[in-house]
Amino acid sequence: MSAAKLIRVRWLLAILPCVAMLCSCSEPVAEQSSKPIQWRFAIEETIGSVQHEYALKFKELIESRSQGAIEVTIYPYGTLGTSDQITELVDMGVIQFAMASPGHLGKLIPEVQVFLLHFVFSDDEEINNQVLNDNPELRRTFDELYARKRLKLLSIYSEGWQVWTTKKPIRTPEDFRGVKMRVMTSPLLLAAYAAYGASPTPLPYSEVYSALQLNMIDGQENPVFAIQEMSFYEVTDWMIFAKQSPFITTSVTNLEFFQSLPAEQQELVLETVEELNGYILEVQREFNLDRLELIRENKPGLNIVSDLTAEQREAFREASQAVREQFVELAGPEGQRLLDELIRAIKAAEAKRAQ
């Protein structure tokens with residue numbers, strides 16, 4: 001038995017009591033008319049995060065619009081395992097809804113790692129939100145990619161710009177030389193920071209604070225709300241806004257489960273997530289602005305570089321281009337078509353906004 005398979009078996013054995021409890025929540029058909037239907041939603045972040053706010057609003061709207069016929073239970077990060085394990089539970093049908101970010105989902109769907117590439121998206125968050133959710137060609141492409149893995153894509157949204165917190169100032173790729181930068185376990189993120197001259201170091205999210213504190217790593221990237229929530233700013237000296245990439249995540253459901261729902265419940269889910277697309281954009285903006293003020297208050301001596309110059313950003317942009325070739329090698333011709341399609345859609349939306 002391979003090491004990966006052995007780890008998976010051990011994990012399944014470890015959570016078996018939890019899985020059994022979840023499955024036992026499903027009432028026999030004859031009793032469902034008198035008791036609410038149970039839907040389970042697992043997120044990749046903790047209580048108080050952007051993902052948690054999305055799930056709370058989803059719960060509120062579903063329960064209200066179904067007049068109590070459906071109840072949604074939210075499982076924060078760690079309750080049911082890692083992000084990979086959450087996606088597996090969706091595939092198994094144990095939970096019905098989940099967040100699935102490209103940092104881990106890319107192992108299953110290589111093409112979604114397009115969201116990890118630097119300097120692809122517009123500096124305008126509204127344009128990015130519009131392109132990701134309202135462009136019919138792109139949406140059809142992503143829907144098909146997820147469906148091949150028995151997932152139904154519900155929405156794609158940004159949780160805010162990825163911000164660097166480091167122990168030294170970073171304004172050029174040369175400044176990254178020798179910096180041990182924590183990244184998610186993604187080949188493209190490893191390549192992105194290697195291209196800048198850093199020493200990319202994959203680590204679980206839960207270990208980042210202690211690794212910074214013990215000087216095992218020198219920096220990390222996350223949206224502002226996560227930096228404040230996990231106190232990463234306490235163990236770093238600099239906070240740099242380069243706008244190299246937004247943190248994109250997706251919400252998904254089990255495709256077979258979705259297709260088995262009555263037409264009115266399918267419509268309820270689709271209407272709810274469509275409403276959430278605009279709602280969560282404003283939520284993440286508010287979260288990130290408010291949390292930045294908290295960071296300033298709690299650590300007045302923190303050095304914050306709110307904007308790199310156009311010349312400094314261009315140096316990072318140029319260094320990042322080679323990583324696109326690695327993405328195409330990883331995702332193949334379909335990945336190249338997707339990248340080209342995404343860039344075209346963003347440029348078209350920017351041109352339209354400029355008129």
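Residues take their numbers from the sequence shown, with the count starting at 1.
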Look at Glu137 together with Arg140 and state whether they make a salt bridge at an N to O cut-off of under 4.0 Å. no
Electrostatic pair Glu334:Arg148 at N-O distance under 4.0 angstrom: yes
Which pairs of donor and acceptor atoms, one on a side chain in residues 345-355, lie under 3.5 Å apart (sequence neighbours left out)?
residue : atom : partner : partner atom : Å
Glu350  : OE2  : Ser122  : OG           : 2.8
Arg353  : NH1  : Asp124  : OD2          : 3.0

For Leu153, the option from Ile109, Asp143, Val112 that meets side chain to side chain contact (heavy atoms under 4.5 Å, CB included): Asp143
So, Phe225 versus Phe247, ring centres under 6.0 angstrom or not? no
Listing, residues 188-199 side-chain donor-acceptor contacts under 3.5 Å, not counting sequence neighbours, or none:
residue : atom : partner : partner atom : Å
Tyr193  : OH   : Trp164  : NE1          : 2.7
Tyr193  : OH   : Glu221  : OE1          : 2.4
Tyr196  : OH   : His118  : ND1          : 2.7

Do the side-chain N and O atoms of [X] and [Y] include a donor-acceptor pair separated by under 3.5 angstrom?
X: Thr309; Y: Glu311; result: no
X: Gln284; Y: Asn288; result: yes
X: Gln244; Y: Ser320; result: no
X: Glu234; Y: Tyr209; result: yes
X: Thr250; Y: Tyr146; result: yes
X: Gln220; Y: Thr165; result: yes

Is it true that, when you exclude Arg150 itself, more than 12 heavy atoms of the residues, nucleotides or ligands shown sit nearer than 6.0 Å to its CZ? no
Would Arg285 and Glu126 satisfy salt bridge (Lys or Arg N to Asp or Glu O under 4.0 Å), going step by step from the backbone distance to the final call? CA-CA 11 Å; Arg285 282 175 169 168; Glu126 289 187 5; 3.5 Å; yes
Please work out whether the ring planes of Phe257 and Trp39 are parallel, tilted or perpendicular, with thresholds of 30° and 60°. perpendicular
